[in-house]
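Quantities reported herein were computed from a predicted structural model and do not represent experimental measurements. In the text below, chain A, chain B and the rest are named by the order of the sequence lines, each starting its count at 1.
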Number of protein chains: 4
Amino acid sequence: MTDLDRVLADLVIANRILSHENVVDAYGHVSVRHPGNPKRYLLARSLSPEMVEQGDIMEFDLEGNPVAGDTRQPYLERFIHGAVYEARPDVVAVVHAHAEDVLPFAITAAPLRPVIHSGSFMGEQVPVWDIRDRFGDTNLLVTNMPQGRDLAQRLAGNNVTLMRGHGFVAAARSLIEVVRMSVYVPRNARVQRAAMQIGEIKPLSKGEIDARNAGYKPHSPETWRAWEYWATRAGCRDLLGKK
Amino acid sequence: MTDLDRVLADLVIANRILSHENVVDAYGHVSVRHPGNPKRYLLARSLSPEMVEQGDIMEFDLEGNPVAGDTRQPYLERFIHGAVYEARPDVVAVVHAHAEDVLPFAITAAPLRPVIHSGSFMGEQVPVWDIRDRFGDTNLLVTNMPQGRDLAQRLAGNNVTLMRGHGFVAAARSLIEVVRMSVYVPRNARVQRAAMQIGEIKPLSKGEIDARNAGYKPHSPETWRAWEYWATRAGCRDLLGKK
Amino acid sequence: MTDLDRVLADLVIANRILSHENVVDAYGHVSVRHPGNPKRYLLARSLSPEMVEQGDIMEFDLEGNPVAGDTRQPYLERFIHGAVYEARPDVVAVVHAHAEDVLPFAITAAPLRPVIHSGSFMGEQVPVWDIRDRFGDTNLLVTNMPQGRDLAQRLAGNNVTLMRGHGFVAAARSLIEVVRMSVYVPRNARVQRAAMQIGEIKPLSKGEIDARNAGYKPHSPETWRAWEYWATRAGCRDLLGKK
Amino acid sequence: MTDLDRVLADLVIANRILSHENVVDAYGHVSVRHPGNPKRYLLARSLSPEMVEQGDIMEFDLEGNPVAGDTRQPYLERFIHGAVYEARPDVVAVVHAHAEDVLPFAITAAPLRPVIHSGSFMGEQVPVWDIRDRFGDTNLLVTNMPQGRDLAQRLAGNNVTLMRGHGFVAAARSLIEVVRMSVYVPRNARVQRAAMQIGEIKPLSKGEIDARNAGYKPHSPETWRAWEYWATRAGCRDLLGKK
């Protein structure tokens, strides 16, 4: 199996996990930077993530143009992905989703903060990007590169940004890591909101966040354990590579 | 396949989706205007939406009388549908349901407002119809045309109205659109209520609502994507027509 | 099929529905008065409701003694059932359960009230019985007739009473009706609690409650529709009798 | 079947139940003291609890060293288990998990208290252990014996302790009892939090907690009923021994 084949299989797994764990429904998408060409990324054609198979994956340049004359219908909001890859050479995988539980923090002034250890990767406070600030009244969708770049600028060096009235973007160094964040950010949001109803919350300290980041190993047995678990639940254990 | 056959198949799909997505349980129903006769509508006999098949669908005139001597048991609240079709020539499909998550907004003075992009189709603020205002103490069910017409009057030009202590009505230009609203209105309600617990909410602006309405295309790939996804989850992918 | 056979089949269905709809888990039980002897009731042996089959059903006198020398292990809290049948000749079926969503109203002073039309059968306000008032510090379980009778006295002429720190009892004129209440009381509780977070609630009026009670028909197509739906979801449609 | 075989089968069942009841996901673990050697405990290798089979179970000394030259990858946080067994000779089984619903009480000053009868085994008030108090900024994981012993000291004579920003530990006299607590502590937490939103809560009294503890029989039909029910739901009824 070539590197590209492995990445394509992992991208299918990521689609299925995000759907099964209710991070995406018919909408929302996950991409990965092309392993052989950092100016390209891989993303499914316009299809519900639950139904994505390897043959549905298209290749795009960073401007969001399909390559190799692929004429299939792409996602309208693919510009999010290209703009993040363009601004962040360290990023290998991107998720955009509308996960319901993060949205309260995207429509109020209450900041989303890491309150559980598995939420530490969102950093000390999650920024909120409001498309209206720069683009006025729109349909809220990111449908061109200027909008995507404005969003990437708000994301800056963070791993996650919320989008007002819309959803979130997560960016990470691997597909496993971006899926992990996409599952745990909504969980952290649920816990934080519940806690805010019964008292003052105690977020993780800066030092704790740093300690967790410093210790993160993308290929540790603990990281793999969750990937294997989620893939099994999503019914695609057979697509898993060797640990 | 004739137009009528296609509409009947789509109505079965709509019944199954609404049940699978927890918009309806044993109660609640969805209708469509007859494609060949705007003075008639199609609606299942008194049966849980999850169990509706094509043979269960009856035809009614706008007063709620079954046509062609059909003597099967109809839904008690079918008058909702006829009254909306009568008042709103633009409406092609109607849902009435008791979806739990919208009900808090139907029994308090807090207005339900679009706070997420997928909720924009409910308009700036959702009206609440209270059967008691005009009909006094009833069993809360809409069981005749005067009640249905009063409800349709409160709905006016909106796409959604809540019913105090009871549920909601959604009206749209197509079955796909009315199902989409019926799934996303409860989601919007959940997000709004959760947000109200942690801060002041920022609803979509009038301009954003207008921009989304202007851009809506009932036959776009994005619209079809959700219909296909929900139908697949509901186990009736085989009933889908060509995209 | 004799009357008794029909009642036994319906009692199995009731057990399965209550489990599938999350009203009971390993604990909680449903009984029916013996159709041929009002001094007897039918209730499963000590078994999770999901697993109850017709052969698991025992017969008890109103004091909670198994009849016909049946030596199987009965439920510890069977005294609830006998005490209600003793006090309320109109009652044909009883449920006791710990449904999570009603419990907030059983451990605070906030009264549970009907806020949705399907909750009207609980009456204007649901009483709360506290075993501590009369029996001091106990394990909270109703394990003898004096406790059962005290509970039945608090239930009085109501259809539902909450039990502080424990659960609820519902009493009705038929198995279908008691199951229906057991599903809708938790739903009403969820809606009421959610609503209390966003504003002042508007409960059903006394006149509306009366209108709904007056119109209730245990064998109407609407009542059967829910029974058939729940039984189908619970996997025991084959046990349903003729409509 | 030897005692050890029975315990190993029960440990597999416990893993599956905790996963199926959403107490653990890919993370979290359950152990049991070795039936033939109180200085040893049994715990799966680093694997999601849902996937644990008998062959995956390793044996450890109380310091967390695998015995018999077993070189498989152990859980990072196994020190929790050994430290509790070391400090508490009465404890036979330990669970550590991140169950979402208890976490609001682990990141605020609101104490988790028993408000429902099935929550009585957590005692009058659940302590919260904060790793930062003694170890400063860490990744929040318990990765050595000093941390484990500090946690065990906070647990003291209780059955449950929360861990700030992380999860909980439950300790009990049997696997059945520790699983039961692990399922009911989150339920109690949900009910308590919901109740705190609508009024002042009434927890169980000290006398009620004592009465429940005094009456607890690990091998009663009521205890077995839940174990059998949960095992059946989790798909491993075939592993159950004789009642």
How long is the gap from OG1 on A:Thr232 to CE on D:Met51, to the nearest 0.5 Å? 3.0 Å
Apply the side-chain contact (heavy atoms from CB on, under 4.5 Å) test between A:Ile198 and each candidate in D:Arg193, D:Gln197, D:Gln192; give the one that qualifies. D:Arg193
Heavy-atom cut-off 4.5 Å, strictly under: side chain, backbone, both or neither for A:Glu208 against chain D? both
For D:Ser48 against A:Arg225, the heavy-atom pair lying closest together: OG-O, 3.4 Å
Step by step, would you call A:Lys206 with D:Asp137 a side-chain contact (heavy atoms from CB on, under 4.5 Å)? CA-CA 8 Å; A:Lys206 176 74 167 62; D:Asp137 284 335; over 6 Å; no
Take atom CD of A:Gln153 as the centre, draw a 6.0 Å sphere, and report whether it contains more than 12 heavy atoms from other residues, nucleotides or ligands. no
Roughly how far, to the nearest 0.5 Å, is the CD atom of D:Glu50 from the OH atom of A:Tyr229? 5.0 Å
Exercise: identify the closest heavy-atom pair between D:Tyr27 and A:Ala226: OH-CB, 3.4 Å
Could you walk me through whether D:Leu140 and A:Leu204 satisfy the side-chain contact (heavy atoms from CB on, under 4.5 Å) test, starting with their C-alpha distance in whole Å, then the side-chain angles of each, then the deciding distance to 0.1 Å, before giving a yes or no? CA-CA 9 Å; D:Leu140 280 87; A:Leu204 267 58; 4.2 Å; yes
Mutual orientation of the aromatic rings belonging to D:His98 and A:His117 [parallel < 30°, tilted 30-60°, perpendicular > 60°]: perpendicular
What distance separates A:Glu228 CD from D:Leu47 CG, expressed to the nearest 0.5 Å? 6.0 Å
Residue selection (most heavy-atom pairs with chain D, distance under 4.5 Å) from A:Asn188, A:Asp210, A:Ile201: A:Ile201
With the side chain counted from C-beta on, respond yes when D:Gln73 and A:Trp224 share a heavy-atom pair under 4.5 Å apart, and no when they do not. no
Heavy-atom side-chain proximity of A:Met196 to D:Thr108 below 4.5 angstrom: no
So do the side chains of D:Ile107 and A:Val191 get within less than 4.5 Å of each other, counting heavy atoms only? yes
For the pair A:Arg187 and D:Asp25, find out whether any cationic side-chain nitrogen is under 4.0 Å from an anionic carboxylate oxygen. yes
Quick one: what part of D:Glu100 sits under 4.5 Å from any heavy atom of chain A, side chain, backbone, both or neither? both
Check whether A:Pro114 gets within reach of chain D through its side chain, its backbone, both or neither, counting any heavy atom under 4.5 Å. neither
Given A:Gly215, A:Gly199, A:Pro203, A:Ser120, the one with more heavy-atom pairs under 4.5 angstrom with chain D than any other is A:Gly199
Interface moiety of A:Arg233 toward chain D, non-hydrogen atoms closer than 4.5 Å: side chain
Count the heavy atoms of every other residue, nucleotide or ligand shown that sit under 6.0 Å from CD of D:Glu53, and state whether that count exceeds 12. no
